[in-house]
Number of protein chains: 2
Amino acid sequence: MKTITRKEEIVTIASQLFKEKGYNAVSMRDIAQAMGIKAASLYNHISGKQQILSTLILTVAVEFTNGMQTVVAKDIRPIDKIREIIELHIDITVNHSEALAALNNDWMHLENNDLSSFVQMREDYEENFRRIVKEGIEAGELKQHHPEVILFSILSTLRTLYLWYQKRGKLDVNVLKKDMVSVLLNGIT
Amino acid sequence: MKTITRKEEIVTIASQLFKEKGYNAVSMRDIAQAMGIKAASLYNHISGKQQILSTLILTVAVEFTNGMQTVVAKDIRPIDKIREIIELHIDITVNHSEALAALNNDWMHLENNDLSSFVQMREDYEENFRRIVKEGIEAGELKQHHPEVILFSILSTLRTLYLWYQKRGKLDVNVLKKDMVSVLLNGIT
DNA sequence: TTACAAAACTAACGTTTGTTAGTTAGATTT
DNA sequence: AAATCTAACTAACAAACGTTAGTTTTGTAA
């Protein structure tokens with residue numbers, strides 16, 4: 001049985017507030033009020049505001065990193081790897097849409113080790129993706145576009161999916177995956 | 001002759017700082033220091049921090065609104081309207097990349113009239129775009145996907161272009177337009 | 001019932017924030 | 001030369017910030 005700790009509760013509440021206004025516009029008093037307690041009481045469970053942010057962001061960043069590793073290791077065609085990466089993004093978006101807001105918009109407010117390991121994970125992720133795109137082009141599975149343009153157009157769509165999912169009435173995940181793969185790979189014309 | 005006022009200078013400097021850390025993480029003292037003056041001196045030229053943000057964001061928002069109006073009024077095929085919208089985004093991105101960061105990430109820190117007129121402009125813009133996509137589908141120029149998926153995938157790519165342009169060594173605008181149109185409309189496979 | 005631990009509380013701290021008031025130096029106009 | 005204007009300055013303000021210290025309440029176990 002999975003019991004939620006008070007710390008996890010704080011991180012969850014905070015992530016919802018961060019999504020609305022961003023890390024710096026949300027005070028410890030705001031978070032406390034949303035939980036029905038006083039700001040000082042938060043410190044019984046967490047070490048500070050920074051820890052909330054880093055827990056939130058690094059948890060999801062690790063999930064992306066592991067997901068990408070799994071895809072890279074598979075012995076399948078580049079284009080099928082891209083398909084799986086799209087599905088990975090959708091799965092994470094569905095499960096952590098609030099955390100993704102912080103990851104996208106507030107990562108630069110991480111400090112020290114947390115900041116540098118996040119940046120490292122992000123660079124590695126992009127580099128893995130870039131390599132797959134290049135392989136796909138060389139194998140003739142993708143058009144001869146500049147790899148960077150392909151990488152960017154897919155990645156920016158996937159990264160902002162969290163903004164758009166949920167206001168579209170929680171449509172079925174499998175339908176969403178099929179549509180996104182089709183649009184991103186085959187285009188719209 | 002176009003002389004830059006001190007106010008425009010402040011807005012420009014501020015936009016660069018906002019792009020790095022976001023509106024709330026940049027203080028008036030930060031902005032002043034970047035200009036080599038003291039924070040209080042800024043108030044000889046602007047009415048407050050809010051005005052910097054709203055000038056920055058609304059200027060660009062109006063440009064999008066006008067550009068969309070022009071495209072809508074044209075008597076051309078839906079797919080060519082989409083092509084022109086893509087080019088509109090690229091033009092604005094090239095000319096206002098710092099302001100676009102604020103527009104995307106800090107619009108919710110606008111207040112009162114500025115906030116509501118921004119939100120209104122944004123909704124109108126999306127609605128115009130949505131209608132064009134629907135017309136394109138009905139005319140058989142676009143595939144029979146859910147219009148919302150098409151709208152989202154194009155718009156999210158265009159909206160985050162500012163993050164990606166410039167670290168890619170300022171490639172030629174016309175080349176960029178051609179590539180983006182091709183990738184977004186025809187897909188990558 | 002008592003003892004203990006978890007989690008809330010009140011009060012306060014030192015900083016930083018956006019902003020205002022009043023002043024001063026330098027340039028331009030009369 | 002005197003007057004005006006522009007744009008900087010110093011000093012200070014009240015409010016909000018993250019955080020700490022010490023205390024009290026609450027629930028569980030002995």
Side-chain angles (χ1 to χ4, degrees), chain A residues 1-58 102 105-115, chain B residues 1-58 102 105-115:
Chain A
M1 67 172 189
K2 159 99 173 148
T3 57
I4 23 165
T5 68
R6 204 85 170 107
K7 174 180 170 179
E8 289 169 329
E9 221 175 315
I10 293 173
V11 171
T12 301
I13 293 275
S15 72
Q16 293 163 6
L17 299 179
F18 292 166
K19 182 177 183 178
E20 303 283 316
K21 311 200 294 171
Y23 177 72
N24 273 284
V26 175
S27 70
M28 293 299 274
R29 286 166 179 85
D30 290 334
I31 298 169
Q33 190 173 43
M35 299 197 61
I37 61 178
K38 298 289 176 179
S41 306
L42 294 170
Y43 290 81
N44 285 317
H45 309 285
I46 49 143
S47 66
K49 198 184 177 189
Q50 260 293 308
Q51 195 189 35
I52 299 178
L53 186 68
S54 65
T55 301
L56 197 53
I57 291 180
L58 291 181
N105 304 320
D106 291 318
W107 62 268
M108 71 286 282
H109 301 119
L110 291 171
E111 293 170 359
N112 310 321
N113 281 352
D114 292 333
L115 176 59
Chain B
M1 68 175 189
K2 161 100 173 147
T3 56
I4 23 165
T5 67
R6 203 87 172 108
K7 173 179 170 179
E8 289 170 329
E9 221 176 315
I10 292 172
V11 171
T12 300
I13 292 277
S15 72
Q16 293 163 6
L17 299 178
F18 292 166
K19 182 177 183 179
E20 303 282 315
K21 313 200 293 174
Y23 177 72
N24 274 284
V26 175
S27 70
M28 293 299 273
R29 285 166 179 83
D30 291 334
I31 298 169
Q33 190 173 46
M35 300 197 61
I37 61 178
K38 298 290 176 179
S41 307
L42 294 170
Y43 289 82
N44 285 318
H45 309 285
I46 49 142
S47 67
K49 197 184 178 189
Q50 260 294 308
Q51 196 190 34
I52 299 177
L53 187 68
S54 66
T55 301
L56 198 52
I57 291 180
L58 291 181
N105 304 319
D106 291 317
W107 62 268
M108 72 288 281
H109 301 120
L110 291 171
E111 292 170 0
N112 310 320
N113 281 352
D114 292 333
L115 177 59

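Values reported hereafter were calculated over all heavy atoms of this structure, with side chains retained and with hydrogens, waters and symmetry mates removed. In what follows, every chain begins at residue 1, and chains take the letters A, B, ... in the order their sequences are listed.
- Rounded to an integer number of Å, the gap from CD of Q33(A) to C1' of dC9(C) is 16 Å.
- Considering every non-hydrogen atom in both W107(A) and L115(A), the closest pair reads O-CD1, 3.7 Å.
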Worked verdict on L53(B) versus D114(B) for side chain to side chain contact (heavy atoms under 4.5 Å, CB included): CA-CA 10 Å; L53(B) 187 68; D114(B) 292 333; over 6 Å; no

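- Mapped onto DNA chain C by nearest heavy atom, H45(A) and M28(B) fall at different nucleotides, with H45(A) at the one closer to the 5' end.
- Atoms OH (Y43(B)) and C1' (dC9(D)) sit 16 Å apart, rounded to a whole Å.
- Distances shorter than 4.0 Å separate some side-chain N or O of R6(A) from OP1 or OP2 on dA8(C).
- We find the OG-CG distance between S54(B) and L56(B) to be 9.0 Å, quoted to the nearest 0.5 Å.
- An OP1 or OP2 oxygen of dA7(C) is reached within less than 4.0 angstrom by no side-chain nitrogen or oxygen of S41(A).
- Rounded to a whole Å, the CD1 atom of I46(B) is 12 Å from the P atom of dA8(D).
- K49(B) places its NZ atom 15 Å from the P atom of dT16(C), with the value rounded to the nearest Å.
- Between the C1' atom of dT16(C) and the CG atom of D30(B) lies a distance of 11 Å, rounded to the nearest Å.
- When distances run from any side-chain atom of S27(A) to the nucleotides dC9(D), dG18(C), dC17(D), the shortest one goes to dC17(D).
- Distance from the side chain of R29(A) is smallest for dG18(D) among the nucleotides dA8(D), dT20(C), dG18(D).
- K7(A) has its NZ atom 14 Å from the P atom of dA7(C), to the nearest Å.
- Atom pair K21(B):NZ and dT16(C):C1' shows a separation of 12 Å (rounding to whole Å applied).
- Judged by closest nucleotide on DNA chain D, K38(B) is the one of A40(A) and K38(B) placed further toward the 5' end.
- In this entry the distance linking CD of E9(A) with P of dA6(C) reads 17 Å, nearest Å.
- One N or O on the side chain of D106(B) and one on the backbone of Y23(B) form a donor-acceptor pair closer than 3.5 Å.
- Here the side chain of H109(B) pairs no donor or acceptor atom with the backbone of Q50(B) at under 3.5 angstrom.
- In the interface, the side chain of N44(A) is not paired with the base of dA6(C) through any donor and acceptor atom under 3.5 Å apart.
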